[in-house]
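Beneath this line is the structure, given in structure tokens, with notes to follow.
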Protein chains: 2
Amino acid sequence: MKLSQGVEWGLHCASLLALAPAGATVRREQLAGHYALPEAYLAKHLQAMARAGLLRATPGPKGGYRLCRPPESITVLDVVEAVEGRARPFLCQEIRQRGAAAIPPEECTVPCAINTVMDDADDAWRASLRGVTIADLLTRMRPEVRKRNEALLRGERPANGSAHE
Amino acid sequence: MKLSQGVEWGLHCASLLALAPAGATVRREQLAGHYALPEAYLAKHLQAMARAGLLRATPGPKGGYRLCRPPESITVLDVVEAVEGRARPFLCQEIRQRGAAAIPPEECTVPCAINTVMDDADDAWRASLRGVTIADLLTRMRPEVRKRNEALLRGERPANGSAHE
DNA sequence: ACTTCTCGGATATTAGATATCCAGGATACG
DNA sequence: CGTATCCTGGATATCTAATATCCGAGAAGT
């Protein structure tokens, strides 16, 4: 049970894109450099988010990525599902139908109780993630950090230290 | 994000052990044969559950496994954590401290908001699993299936068909 | 003492996550 | 219209974790 690191990357990138001026695009190299991520691999996750309809990618000069929807309408679950997929973490192998205690198929009208319990827990997990939006993440970001990020997106390069606030 | 199949095995085995007569032990070969599982690999998961204090393994003739606690006091989460471990599925890499937008450590007094959100979701998942016990799983088992399992544990071998009820 | 049975370590095998590269196509700009 | 820029998608390599098996050591019953 481990979540791909792409989820972290995707959430950070989505938050960053939400800070960009409306309509502006951010190049992939810029996103990767912002967090010192491998650009080629980050591309895979950005593509997945674009396919999911969260981002729009614009090719050509002055191109790059931007959010498709306002940050208030993009949930953390949206990003997680775009990157990780929508498959359930628990896959019932129906072992109750195998072995010495095999239950004949005609008695398996009801799904396995274990499967139900695991799916319920997964629903609770997803509901929790659905309750937080990208906009919420920005709210929890410290104002000076947010300002520095916005400045970087505008192309301003902060003086070496950047810690003298 | 995928759960080990050992979780399914562990939950089925715990349920089965709960059906065994009080104080009786069930051999590993019997557990594996019950669901047509590879005995050698199942042993790994049973060991993990024994280490977690859910099962007790008795060596020697007439040995085998039994539950350490009554089924009402063993939660599904107990089994999941025994098999899968207690590590969080989301591991924050603190990429906010890296790259062009690196936040100086002295400003990182508060944990990353993304990390918090993911941990909250994990707490919700665990809380859901903690709300169901092995005894609850038995309640959701169909009576005729439960009886057949109990009979098998007593060493009775049902007639070929077993579907003529 | 001998048999029976589990434990733990060592060791393959396989699948998925991580990471990189390049040809192809779309767009802006001169 | 040609060129530089930038994303897309596929092919590929690497690495880690899950899956699976085997065997010697040790404990308990007879």
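Quick note on labels: first sequence line is chain A, next is B, and so on, each numbered from 1.
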Item checked: Atom pair CG (B/L17) and OH (B/Y65), whose distance is rounded to the nearest 0.5 Å -> 10.0 Å

Check: For the residue pair B/V83 and B/S4, what are the closest heavy atoms and their distance?
Finding: CG1-OG, 4.4 Å

Notebook entry, point to check: Is there a donor-acceptor pair under 3.5 Å between the side chain of A/S15 and the backbone N or O of A/L11?
Noted result: yes

Checklist line | Of residues 9-33 of chain B, the positions that come close to DNA chain C - non-hydrogen atoms, cut-off under 4.0 Å | finding: B/R27, B/R28

Notebook entry, point to check: Which pairs count as ring pair (Phe, Tyr, Trp, His ring centres under 6.0 Å) when at least one residue sits in residues 4-28 of chain B, sequence neighbours excluded?
Noted result: B/W9-B/Y41, B/W9-B/H45, B/H12-B/Y35

Checklist line | Opening and closing nucleotides of DNA chain D in contact with chain A, under 4.0 Å to non-hydrogen atoms | finding: D/dA4 to D/dA11

Note to self: Please enumerate all residues that pass side-chain contact (heavy atoms from CB on, under 4.5 Å) together with B/R130, with sequence neighbours excluded.
What the structure shows: B/T75, B/L77, B/R126, B/A127

Check: Checking A/R88 side chain against A/D122 main chain: does a donor-acceptor pair fall under 3.5 Å?
Finding: no

Note to self: Do A/D136 and A/T139 pair up side chain to side chain, a donor and an acceptor below 3.5 Å, judged on atom types alone?
What the structure shows: no

Note to self: Taking any atom closer than 4.0 angstrom to a non-hydrogen atom of chain B, what span of DNA chain C does the protein reach, first nucleotide to last?
What the structure shows: C/dT4 to C/dA10

Note to self: Taking B/E94 first and then B/R96, would you say they form a salt bridge - that is, a charged N and a carboxylate O separated by under 4.0 Å?
What the structure shows: yes

Checklist line | Qualifying residue, where the test is side chain to side chain donor-acceptor pair (under 3.5 Å) with B/E144 and the options are B/R142, B/R146, B/K147 | finding: B/R142

Next item on the list: Please check if the side chain of B/Q93 supplies one atom and the backbone of A/E8 the other of a donor-acceptor pair under 3.5 Å.
Entry: no

Next item on the list: Enumerate the residues from residues 48-69 of chain A whose closest heavy atom to DNA chain C is under 4.0 Å, giving them by residue number; use none for an empty result.
Entry: A/P59, A/G60, A/P61

Next item on the list: Specify the residue among B/P38 and B/E84 whose closest nucleotide of DNA chain D lies further upstream toward the 5′ end.
Entry: B/E84

